[in-house]
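The first residue in the sequence is number 1, and the count goes up from there. Indexing begins at 1, ligand by ligand and atom by atom, following the structure's order.
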Amino acid sequence: MLELAIIGGTGVYDPRILDDIREITQDTAYGKVTLTIGQYHGQEVAFIPRHGSQHSVPPHLINYRANIMGLKMLGVKCILATAAVGSLNLDLKPGMFVLADQFLDFTKNRINTFFDGGEQGVFHCDMTVPYCSELREAVAQAAQECGFALQNGGTYVCTEGPRFETAAEIDMFKQLGGDLVGMTSVPEVCLARELGICYANISIITNYAAGISPTILTHSEVLQRMKESTSKVRKLMLESIKNIKPERNCDCVKIMDQTGVKQ
Ligand code: HPA
């Protein structure tokens, strides 16, 4: 049964982390999604490279609704999502993993809900703790088993992109309590929550953010850092899958009582 999915961010494009892979296209009310389904540790796992297999889709143009709805239609209940991020916190160093537990939303032009009125109705989704605590625990335990430096908890500031931030913006985000900055976790995590899917963000720090870094930022620097982390990311994801329990007792599931969305 397919219940787990990996959404690979920048630098995580290769579905061959799974065995026995096959590609499928899932039609949704929001557009088509092409994804790979494979096996790991006796479980079926879906894989979507968020930016496309060749990194051709920028953060502000990702069809987040099609991706999340496509996974829901296939029966997915838990998503592990990777994200390359900048660090606003000197204690969180390049190469470290952080599991975000909160976000600050600075996106501007994204469709961020399945509930647009009309047939879907209006729904105000709880977002007190957007990232699933049980899934985070499974990943944190895996990091410990692998001996990887990981912080469980941190505030992810989501910007609209595709440009990097100004030093003044980073200074403001820091004063607001941000630890990490990236361009994709919102609305992805919100859409997952609206459908009752557990979602964990595995942030991989690729650089210190603008104004903290002594040099200007480049996408190639981010890609290079991700390349250096590939084997660790892969190992962390796969070990995490082994730790995910089939029964869910987290708040993510309770949303479905309010929306009428089915398991
Ligand atoms: N800012 C925004 N997104 C990012 C960064 C950053 O510094 N690094 C990796 N993704």
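- Between Asp251 and Lys254 there is a salt bridge, with a side-chain nitrogen of the basic residue lying less than 4.0 Å from a carboxylate oxygen of the acidic one.
- Within 4.0 Å of ligand 1, protein heavy atoms come from Ala84, Val85, Gly86, Phe164, Glu165, Val181, Gly182, Met183, Thr206, Asn207, Leu217, Val222.
- With contacts defined as side-chain heavy-atom distances shorter than 4.5 Å, the pair Ile21/Pro15 qualifies.
- What you find for Asn63 and Gly31 is that their closest heavy atoms are ND2-CA, 4.4 Å.
- Residues Glu3 and Cys78 have side chains not in contact (no heavy-atom distance under 4.5 Å, counting atoms from C-beta outward).
- Remark: Arg22 engages Glu44 in a salt bridge, criterion side-chain N to carboxylate O under 4.0 Å.
- Using a 4.0 Å cut-off between charged side-chain N and carboxylate O, Asp105 and Arg110 make no salt bridge.
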